[in-house]
Amino acid sequence: MKTEFTLAQLADPDIKEADKILRACVHCGFCTATCPTYVLLGDELDSPRGRIYLIKEMLEKDKPPTADVVKHIDRCLSCLACMTTCPSGVNYMHLVDQARVRIERDYQRPMAERLLRSVLAFVLPRPGLFRISMIMAGLARPFAALLPTPSVGAANPGLLRRIKAMLALAPRSLPQPGPAAGTVFAPIGRRRGRVALLQGCAQQVLAPRINQAAINVLTRHGVEVVLVKDEQCCGALTHHMGQDDDALARARANIAVWQREADQNGLDAILVTTSGCGTVVKDYGYLLREDKRFAGPAKQISALAKDITEYLSTLKLAPSTQKGDVTVAYHSACSLQHGQKITQLPKELLSKNGFVVKDVPESHLCCGSAGTYNILQPDIASRLRDRKVANIALVKPDMIAAGNIGCMVQIAGGTSVPVVHTIELLDWATGGPRPGLN
């Protein structure tokens with residue numbers, strides 16, 4: 001794709017990177033076939049190719065984005081399926097992230113939307129506040145039926161519709177909090193490794209059982225686990241909302257505490273059980289590439305970051321107690337299969353440990369969770385969830401496994417089949433308890 005940035009614009013490292021990404025695009029359109037919003041809506045501007053044109057024009061003209069540009073960028077899930085199918089290697093992720101920063105900086109959203117986004121960006125990364133908000137949402141949930149019902153194909157849902165979506169996602173009850181930051185879990189038997197486990201934000205409130213299962217598996221196989229004190233949200237939530245000052249501040253804070261832990265006590269890896277977080281942590285090196293102080297440490301931390309299944313694949317797991325009578329539909333989270341290019345490892349681990357693993361038809365299509373997307377774009381998200389659940393039903397599973405808490409909550413809202421994390425099944429197979437849902 002031909003670009004027309006001025007030399008002055010290209011002096012900006014972000015614009016220089018955008019120019020490189022745009023020039024790689026050859027307009028082929030392969031991305032449209034795997035883009036969830038294009039598949040649903042059939043609008044070229046709701047495809048990666050269409051959004052690339054909009055972003056190119058916005059950046060080249062260096063003017064505030066129009067409402068139409070914002071609408072189509074907001075509809076993007078950042079599922080990154082387009083990057084998996086792109087034959088030219090266009091890094092759409094970095095391009096759309098840059099567009100979101102520009103929109104956040106230069107576009108004046110309606111007051112109600114600004115307020116909602118501010119609340120989400122403030123509450124979600126703070127587990128204490130998030131827990132309180134979930135308790136309040138549980139109390140308000142009975143009144144959700146009084147709020148507007150979705151309109152078929154609605155493009156710009158209003159505040160009340162979004163509040164209804166939030167209430168629908170809230171659990172009826174919350175589990176007890178998991179272990180505190182700063183806790184170290186000793187390995188059983190001879191120590192074979194030492195890792196930090198990302199505590200997460202929403203996950204530690206909604207499903208602390210996931211990290212507990214990871215701790216069980218790791219310590220059972222000789223790995224010491226530390227929950228690093230003063231760790232923060234990874235920054236993914238605010239990063240994808242275009243609030244990069246907040247996201248990068250959190251990244252720097254995490255890099256500092258993880259590096260200190262690695263220097264003082266040693267770390268073989270930083271393990272992540274939420275693939276959306278893992279994709280961003282692995283990208284710290286890129287996000288802080290222009291930061292003289294943090295560029296080097298960020299690159300080192302990104303190299304240490306691993307999805308839990310990546311690390312487990314390096315261990316010789318205990319013989320499975322499974323007898324092959326549990327059929328699992330494996331939902332491949334977008335952030336794992338497209339963002340981190342991890343596709344086979346989770347399925348191989350489950351299969352080797354006694355589960356009958358079934359691929360889900362249209363597995364490349366997003367479930368509609370995508371961070372805060374199922375709140376900000378609830379109607380599109382609901383259609384994607386229903387499509388995902390219908391495809392899952394075709395394989396008639398006993399359980400659904402996923403590697404991302406957002407996907408788990410989203411899919412569970414549309415099915416009665418138990419939805420569990422991959423690590424919970426691996427814990428069960430290697431001597432732990434059968435996965436529970438509280």
Side-chain angles (χ1 to χ4, degrees), residues 12-14 17-18 78 80 91-105 117-118 120-130 181-182 195-204 211 226-264 267 269-308 310 334-336 339-340 370-372 404-406:
D12 180 333
D14 288 332
E17 183 67 18
S78 283
L80 310 181
N91 196 318
Y92 179 82
M93 177 174 75
H94 291 157
L95 187 66
V96 77
D97 284 345
Q98 189 175 151
R100 289 195 169 110
V101 172
R102 184 66 64 99
I103 288 170
E104 181 69 15
R105 188 190 75 187
R117 285 174 172 265
S118 296
L120 291 174
F122 188 77
V123 172
L124 291 178
R126 295 171 170 85
L129 282 177
F130 183 61
V195 301
L197 183 64
L198 179 73
Q199 294 151 71
C201 302
Q203 180 172 287
Q204 68 172 280
N211 270 3
V226 57
L227 305 181
V228 177
K229 193 174 181 181
D230 298 325
E231 180 186 282
Q232 296 191 19
C233 167
C234 69
L237 288 165
T238 50
H239 174 61
H240 292 308
M241 295 176 76
Q243 299 184 18
D244 256 16
D245 287 345
D246 179 273
L248 295 181
R250 294 180 183 281
R252 293 185 186 99
N254 284 335
I255 290 165
V257 297
W258 286 334
Q259 189 173 46
R260 183 177 67 230
E261 182 68 36
D263 291 343
Q264 292 179 354
L267 287 177
I270 298 166
L271 302 188
V272 187
T273 54
T274 303
S275 60
C277 300
T279 301
V280 169
V281 175
K282 288 183 176 183
D283 207 37
Y284 277 1
Y286 171 83
L287 295 174
L288 292 166
R289 68 195 184 285
E290 299 296 327
D291 187 313
K292 292 182 179 178
R293 179 183 172 190
F294 280 92
K299 189 175 180 181
Q300 293 170 7
I301 291 298
S302 289
L304 279 176
K306 294 184 184 298
D307 183 74
I308 184 68
E310 286 184 285
C334 296
S335 45
L336 200 58
Q340 300 182 48
T372 57
N404 188 63
I405 183 65

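No hydrogens, no waters, no symmetry mates; every other heavy atom, side chains included, goes into these values. Owing to the predicted nature of the structure, the values given are computational and were not obtained by experimental measurement.
Summarising the geometry of P125 relative to T238, their closest heavy-atom pair is CG-CG2, 4.4 Å, with the distance given to 0.1 Å. Across every non-hydrogen atom of A196 and V228, the tightest pair is CB-CG2, 3.8 Å. Minimum heavy-atom separation, L80 to G339: CD1-CA, 3.8 Å. The nearest pair of heavy atoms linking A305 to V281 is CB-CG1, 3.6 Å.
Atom CG of D245 sits in a sparse spot, with 12 or fewer heavy atoms from other residues, nucleotides or ligands closer than 6.0 Å. In the displayed structure, R293 atom CZ is contacted under 6.0 Å by at most 12 heavy atoms of other residues, nucleotides or ligands.
No side-chain heavy atom of V257 sits less than 4.5 Å from a side-chain heavy atom of E261. Considering only heavy atoms from C-beta on, M93 comes within 4.5 Å of D283 through its side chain. In this structure the side chain of H239 reaches within 4.5 angstrom of the side chain of L287, judged on heavy atoms.
In this structure, CH2 on W258 lies 14.5 Å from CG on D263, to the nearest 0.5 angstrom. Put simply, CD on Q243 and CG on L237 are 10.0 Å apart, with the number rounded to the nearest 0.5 Å. Taking CD1 of I255 as the start and CG of L248 as the end, the distance is 9.0 Å to the nearest 0.5 Å. Atom NZ of K306 sits about 10.5 Å away from atom CD1 of I270, to the nearest 0.5 Å. Distance check: E290 CD to E17 CD gives 9.5 Å after rounding to the nearest 0.5 Å. Put simply, CG on L288 and CD1 on I301 are 11.0 Å apart, with the number rounded to the nearest 0.5 Å.
Considering only residues two or more places apart in sequence or on other chains, R100 meets the salt bridge (charged side-chain N to carboxylate O under 4.0 Å, His left out) condition with none of them.
Remark: the backbone N or O of S335 is paired with a side-chain donor or acceptor of T279 at under 3.5 angstrom. Put simply, the side chain of E231 never gets that close to the backbone of A181: no donor and acceptor are under 3.5 Å apart. Between the Q232 side chain and the A253 main chain, no donor and acceptor come within less than 3.5 Å of each other. Looking at Y284, its side chain never comes within 3.5 Å of a backbone N or O of P297 through a donor-acceptor pair. Put simply, the side chain of N254 gets close to the backbone of C233: a donor and an acceptor are under 3.5 Å apart. Under a 3.5 Å cut-off, the side chain of N211 and the backbone N or O of L198 do form a donor-acceptor pair. With hydrogens and angles disregarded, no donor-acceptor distance shorter than 3.5 Å links the side chain of T273 to the backbone of D307. No side-chain donor-acceptor contact under 3.5 Å links R102 to the backbone of A99. Side-chain atoms of Q204 come within 3.5 Å of backbone atoms of G200 as a donor-acceptor pair (strictly under, hydrogens ignored).
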D246 and M241: CA distance, side-chain angles, deciding distance, side chain to side chain contact (heavy atoms under 4.5 Å, CB included) verdict:
CA-CA 10 Å; D246 179 273; M241 295 176 76; over 6 Å; no
Intermediate values then yes/no, side chain to side chain contact (heavy atoms under 4.5 Å, CB included), L124 and C201:
CA-CA 7 Å; L124 291 178; C201 302; over 6 Å; no
